Amino acid sequence: SQQGEEDPQALSIQEGENATMNCSYKTSINNLQWYRQNSGRGLVHLILIRSNEREKHSGRLRVTLDTSKKSSSLLITASRAADTASYFCATGQTYKYIFGTGTRLKVLA
Amino acid sequence: NAGVTQTPKFQVLKTGQSMTLQCAQDMNHEYMSWYRQDPGMGLRLIHYSVGAGITDQGEVPNGYNVSRSTTEDFPLRLLSAAPSQTSVYFCASSYDREETQYFGPGTRLLVL
């Protein structure tokens with residue numbers, strides 16, 4: 001079964017709005033990473049947050065991690081049409097990374 | 001740097017045929033891995049390697065073999081292709097197991 005589960009499965013917003021997607025996982029982790037995948041393309045790394053960190057920022061991205069709740073959230077502020085993509089969380093456990101099923105984000109111009 | 005490269009980009013196989021998907025990286029990364037992605041799904045880990053000569057199984061290893069004779073290359077072999085192996089295959093590498101993974105462009109495989 002998938003370790004990470006993203007929520008919602010799909011999200012449609014207007015350009016300029018903020019987009020929030022969540023990731024829940026089941027077992028303890030070393031770190032959690034968020035990736036973006038444009039349709040038919042490979043994955044692009046967005047941000048890595050370690051298990052001893054609670055929040056990280058990168059440009060318009062803000063990631064939080066709550067290890068007590070086994071959950072993470074990705075916030076994209078001031079969204080753009082170019083942010084339209086699928087977003088995946090990947091949890092790092094020992095030597096393995098387990099990916100969630102993804103959130104499909106559509107930003108309407 | 002070319003990063004992570006994968007060949008071929010697209011392949012059609014008949015059931016029972018074998019083939020090797022190639023993956024190479026020029027970043028001197030120790031950790032490499034293979035994933036498959038089915039429509040509407042996330043990535044599932046097939047095999048991974050923490051260094052030359054060391055490989056291990058992921059979530060869905062059946063029907064696939066790997067080897068890691070050099071740091072740069074990590075080929076994935078399909079022993080006897082089945083329609084259930086129709087998927088997009090991604091190779092990834094990272095400096096070590098707790099760092100950012102860099103993905104290749106993927107290989108689309110269709111098994112008839």
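Convention: sequence-line order gives letters A, B, ...; per-chain numbering from 1. Please read all numbers here as calculations on a predicted model, not as lab measurements.
Contact between B:T100 and A:Q33 at its shortest, heavy atoms only, is CA-OE1, 3.8 Å. Taking all atoms of both residues into account, the shortest heavy-atom contact from B:Q37 to A:F88 is NE2-CZ, 3.6 Å. The two residues B:F90 and A:Q37 make their nearest non-hydrogen contact at CZ-NE2, 3.6 Å.
Counting heavy atoms of neighbouring residues, nucleotides and ligands inside a 6.0 Å radius, atom CZ of A:R41 does not exceed 12 of them. Dense packing is recorded around CZ of A:R50, with more than 12 heavy atoms of other residues, nucleotides or ligands lying under 6.0 Å away. Shown here is B:R77, whose CZ atom has more than 12 heavy atoms of other residues, nucleotides or ligands within 6.0 Å. Within 6.0 Å of CZ on B:R68 lie more than 12 heavy atoms contributed by other residues, nucleotides or ligands. Atom CZ of B:F103 is surrounded by more than 12 heavy atoms from other residues, nucleotides or ligands within 6.0 Å.
For B:Q6, no part lies under 4.5 angstrom from a heavy atom of chain A. Only the side chain of B:Y35 comes within less than 4.5 Å of a heavy atom in chain A; its backbone stays farther off. Residue A:Q9: no heavy atom, backbone or side chain, is found under 4.5 Å from chain B. With a 4.5 angstrom heavy-atom cutoff, A:L48 touches chain B only via side-chain atoms.
Between the OH atom in B:Y31 and the OH atom in A:Y97 there is a gap of 7.0 Å [rounded to 0.5 Å].
Criterion: ILVMFWY side-chain heavy atoms under 4.5 Å apart, direct or through other members. Under it, A:L43 and B:Y48 are part of a common hydrophobic cluster.
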